[in-house]
Each structure stands twice: as C-alpha cells, then as structure tokens.
Number of protein chains: 2
Amino acid sequence: MAGTLAVVGEKWSLLVLREAFLGVRRFADLQRNLGAPKAVLTDRLGTLVEQGILRRVPYQAEGERQRHEYRLTTKGIDLYPTLVALMQWGDKYLADDVAPLALEHRDCGSPVHLGLVCDDGHELSGAREVRAVPRQGASRAG
Amino acid sequence: MAGTLAVVGEKWSLLVLREAFLGVRRFADLQRNLGAPKAVLTDRLGTLVEQGILRRVPYQAEGERQRHEYRLTTKGIDLYPTLVALMQWGDKYLADDVAPLALEHRDCGSPVHLGLVCDDGHELSGAREVRAVPRQGASRAG
DNA sequence: GTTCGAGGTTCGTCAAGTGAACTCAGCCGG
DNA sequence: CCGGCTGAGTTCACTTGACGAACCTCGAAC
C-alpha cells in the first residue's frame, strides 16, 4: 500500500487518472478541468508515464501539427477500483445532494458498486467480516 | 472524489488509517511503524479526528497516567475498500515476491478480494464493463 | 515573416514536510 | 519532595514541493 501511494499518492495523480477514465486525454483539457498548474501537471504526467500507468501516444488533429495524448495502460486501468472506492466514500459522506456520477453495468444497465467478495461467492458487508493474515517472506508493504 | 482526496489525500493520512485497521491505536506505535515526523502525525491525527474518521478515546495503562488512543469510527471503517484497492494494486504491480498480507472471510476462511458488482449480481471483470453516467443537480465532485 | 495556440519550461514565492531538540504531565523510586 | 522516566506533543531551522505568471517553441495558417 505504501508503494502504491508512493506511485499515485501525490496531490494530482489520482485526479489526473479520474479524468483519464472519463476520456480526457489532452494536456490542455486536463489542465482546464483540474485547474492544476501546468508545471505540476507536466511533472505528474511524466511520472505516470514513467510508471507505465499512462502512455504517451502521438496524434494529429486536422490541420494541426502532431501532438501527444495520454492514454491509460492496463496497469492504469487496474487502478479503477481505487478511484471507485474514493468516489463511493465521497458520495456517501461528502456529497451535497446526490452523487454526480452513476456507474452502470454496460451489459445489463443496473448500477455498479464496489464490494468485498470472497472466493466462495459471498459478498461481505464491510471490514469487520475480513481477517487480515500476515505472511512470511516480506515485510509489510502492500 | 476530489472531496475524498481533500480529506484523506495527504501524504500520511491513508497510511495512518492502514495502521488503524491493523489495530494500532497509540501515538507512539503509529510513529514507530510509519516513521513519520511527530509534528505531521499530530496534525494528520487531528484532521482525521476533525473529519470524524477517527475518535480520540481516553485509556489508562496500568501504572501510567491517562492517555488517548485513536479508534476508527464508522466513517473511517467505510474507507476500508479504498485501502484494499490500493493494497491489491500494489500486490499486483509492486510486490517483490508475494503479497505480505492476505485477507480472508472471517466466516468461511476463503480469500477476499475487491470486485465491481452490479445489482443484478454479476461480478464485472474491470473498468471496461462500466459506463459512467453523469447526473444533473451537481457539478462533478465525487 | 508574423500571428496563434497547444504543450510545455522557468522563476519567485509561499505552504508543507522533515528531523532534532525542547516542553509538559503524571507515576515512581529514593 | 526531588529528580528521572515515558508518552504525547510543540517549536524551530531547513528542505522540498505546490503555485501562478510569464516566457519559450514548434508548426499551420494568413
């Protein structure tokens, strides 16, 4: 866990990824949506690319010179549950009125949420139903 | 989401919460386990208490004066999925050898993981099976 | 060959993080 | 009653990082 935070724990990283999941790929759009200083955004995008979470892909809009856009890699897409977890908590405890974004299953249309499930197929109600078991062979990092 | 990050997005907050979930409650133990400067730890604990994520509970060890310990509130416990999400991603992409901590269902003993499930009971394979639908009535905050 | 705009870089300022040293409150042993 | 010990902070000097504004650069269009 500490490792993950070292990678994406900086101030704007997860917000950049949120935009990425919403389909925002261009520097200027990210900058406008987030309101982050350009210098910080440049730096964050750089480290996310370094970490293999985003890819820098060339593209060319009509009548413009070639530029680069930022796309999620598989490694980046796998951070989706993290973002959803943050979102759900915010929706529950911080939302003024109603969640501003709903997630639904693309196939069946019903609402999607994040849950703890065990390999027997039970869905757990929360942290109290989980036992954490330390393992040997590594100090705790997660 | 931005709101959630404003609350727990600072450098040590989520690590403090990890320790809390592992049962660490005392200032000195937190400080030792995390290696965070005392000043920062004091500040983080203070804001987490302010936010209602931790409670300051008096306790008294034998032969010592009364002190305070920090315990998770319900609001804090509900951050569990966030931590698990960070942990699972770290286990997948950053672990040197093997995950240092395994989670199991307290009732049936089988491994627990975090998954996206829809209200029809399907478990989704990942972000690509989800569609995000904006709602009216609020600007996006999540 | 000047303008325009995306995608940066540079710079001065200011907030936040960091570690070491210091404080404070009580319990204890002498 | 005195002085030392310990857990929990606080203060301080220093370094790192965030911030906003201004500047630079490349290529297309005029």
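Convention: sequence-line order gives letters A, B, ...; per-chain numbering from 1. It should be emphasised that the depicted structure is a prediction, and the values quoted were computed from it without experimental measurement.
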B:R67 CZ to D:dA8 P, straight-line distance once rounded to whole Å
5 Å
Can you list everything that forms a side-chain hydrogen bond (donor to acceptor under 3.5 Å, both in side chains) with B:R71? Sequence neighbours excluded, please.
B:E69
Rounded distance (Å) that lies between atom P of C:dA16 and atom CH2 of A:W12
14 Å
Mind calculating the distance between NE2 (A:H68) and C1' (D:dC26) to the nearest angstrom?
11 Å
A:R25: partners by side-chain hydrogen bond (donor to acceptor under 3.5 Å, both in side chains), with sequence neighbours left out:
none
Rounded to whole Å, how long is the line connecting atom CG of A:L34 with atom C1' of D:dA18?
15 Å
Quick note, B:K11 side chain, CB onward, closest among C:dG19, C:dG17, D:dG20 is C:dG17
So, does B:Y59 get its side chain near the phosphate of D:dA8, meaning an N or O under 4.0 Å from OP1 or OP2?
yes
Set of side-chain hydrogen bond (donor to acceptor under 3.5 Å, both in side chains) partners for A:R55, sequence neighbours left out:
none
Check each residue of residues 38-56 of chain B for a non-hydrogen atom within less than 4.0 Å of any atom in DNA chain D, then write out the ones that pass by number, or none.
B:K38, B:A39, B:T42, B:R56
Interatomic distance where CG belongs to A:L15 and P belongs to D:dC19 [whole Å]
11 Å
So does B:W89 get a backbone contact from the side chain of A:T4, meaning a donor-acceptor N/O pair under 3.5 Å?
no
Quick note, ring pair (Phe, Tyr, Trp, His ring centres under 6.0 Å) partners involving residues 110-134 of chain B, not counting sequence neighbours, are A:H105-B:H122
Using atom types as modelled and distance alone, determine if a side-chain donor or acceptor of B:T73 lies under 3.5 Å from a backbone N or O of B:G52.
yes
Can you tell me how far P of C:dG7 sits from CZ of A:F27, to the nearest Å?
8 Å
C:dT9 P sits how many Å from A:Q31 CD, rounded?
13 Å
Sort me out a list of protein N/O and nucleotides 27-30 of chain C N/O pairs below 3.5 Å, or just none if empty.
{"unit_1": "C:dC27", "atom_1": "O3'", "unit_2": "B:G63", "atom_2": "O", "d": "3.3"}

Is there a side-chain polar atom (N or O) of A:Y70 under 4.0 Å from OP1 or OP2 of C:dG8?
yes
Tell me: CZ of B:R25 to P of D:dG7, nearest whole Å?
18 Å
Qualifying salt bridge (charged side-chain N to carboxylate O under 4.0 Å, His left out) pairs, either residue in residues 121-131 of chain A, two or more places apart:
A:R131-B:E104
Listing, residues 38-51 of chain B side-chain donor-acceptor contacts under 3.5 Å, not counting sequence neighbours, or none:
{"unit_1": "B:T42", "atom_1": "OG1", "unit_2": "B:K38", "atom_2": "O", "d": "2.8"}
{"unit_1": "B:T47", "atom_1": "OG1", "unit_2": "B:R44", "atom_2": "O", "d": "3.0"}

Partner residues of B:R26 under the side-chain hydrogen bond (donor to acceptor under 3.5 Å, both in side chains) criterion, sequence neighbours left out
B:Y59
